[in-house]
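Report on the structure given below.
Order of appearance sets the numbers: ligands from 1, and atoms from 1 within every ligand. Note that the coordinates shown come from a computational prediction; the quantities given were computed from them, not determined experimentally.
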Amino acid sequence: MQDVKNNPEYVPGHGLLKGKSVLITAAAGVGIGFAAAKKSVEEGCRAIVISDIHEGRLQASVDKLKEETGLQNVWGKVCNVVVEEEVQELIAFAEEKLGGVDVLINNAGMGTSKLLIEMEDPEWNKVIDVTLNGTMRMTRHMMKVMKPRGTGVIVNNASVLGWRAQKEQAHYAAAKAGVMALTRCAALEAADFGVRINAVAPSLAVHPMLKKSAPEELLKELEGKEAFGRGAEVWEVANVMMFLASDYSSYMTGEILAVSAQRA
Ligand SMILES: NC(=O)c1ccc[n+]([C@@H]2O[C@H](COP(=O)([O-])OP(=O)(O)OC[C@H]3O[C@@H](n4cnc5c(N)ncnc54)[C@H](O)[C@@H]3O)[C@@H](O)[C@H]2O)c1
């Protein structure tokens, strides 16, 4: 095979979210969530609320976002998407600070690795509760708020594992398949009042936390399955989120876009 490198250059903003307000969950890490927050600002959003379960990292991320982008209309609010009251408080907070949320990015999701025959209920339930139920809670309450306005966009973060099989991932894959089904069904209901809901399904987005938590061998194996021989940069996934959040995707709802370079 010809040795062609696939080294993408960071894409500057093109005003895709000009004048919009954005709310993102699980955005205080070093992964897709924070990358999506930064991209949103670079794409011209006028104000943003970022949220996360981790209070210390959240404040640091608010400061970092302000510093790196220059936007001062940045707020942080702690929210564990598993807790119904915290979800409602987050949405009320964002509505007030932003004067209405135009774009919600549901990024929260978590996984572990465990063979199904060794899986106990608490581990199964936790992954489902954060990844699927958390997305459902955020979507449900955001739809209620967006409905009377007759406008708004929701972007969910699924995974190619919602379609594909991988050992030790039954809980996570089931949760992400659920996020895909939720996206399709909620989109159909939300279309009645002018709100669009789509999802990205990344295959592998490599970041420092993933490198720390996943065994090196597994990461190598997964990277080897990608046609480019590498995982995505987190901002490459965020780019596709920006497309789905923007008016460029105005005729799309209930769709799941794979952000993947996998071999067939
Ligand atoms: N990284 C990948 O290769 C990959 C691939 C496919 C899908 N995804 C999905 O992308 C999303 C982001 O993952 P990432 O790996 O880029 O990391 P990330 O940094 O974007 O997200 C991790 C953050 O989630 C927060 N979090 C964890 N539980 C939470 C909860 N209950 N409520 C609120 N916040 C919580 C953590 O504190 C952390 O800051 C997840 O939904 C993940 O399933 C990631």
Worksheet item: For ligand 1, what is the set of protein residues having any non-hydrogen atom at a distance below 4.0 Å?
Response: A26, A28, G29, V30, G31, I32, G33, D52, I53, R57, C79, N80, V81, N107, A108, G109, V130, N157, A158, S159, Y172, K176, P202, S203, L204, A205, H207
Worksheet item: If you group Ile, Leu, Val, Met, Phe, Trp and Tyr whenever their side-chain heavy atoms sit less than 4.5 Å apart, what else falls in with Y10?
Response: V11, W235
Worksheet item: Are side-chain N/O atoms of S246 and E43 paired as donor and acceptor at under 3.5 Å?
Response: no
Fill in: Given V160, V200, T183, the one that forms side chain to side chain contact (heavy atoms under 4.5 Å, CB included) with I256
T183
Worksheet item: So, N6 versus R230: side-chain donor-acceptor pair below 3.5 Å or not?
Response: yes
Response to the item:
Residue set satisfying side-chain contact (heavy atoms from CB on, under 4.5 Å) with S159, at least two apart, ordered chain then number -> L161, Y172, K176
Practice prompt. Supply the members, apart from M209, of the Ile/Leu/Val/Met/Phe/Trp/Tyr cluster built from side-chain contacts under 4.5 Å; use none for a lone residue.
Written response: V30
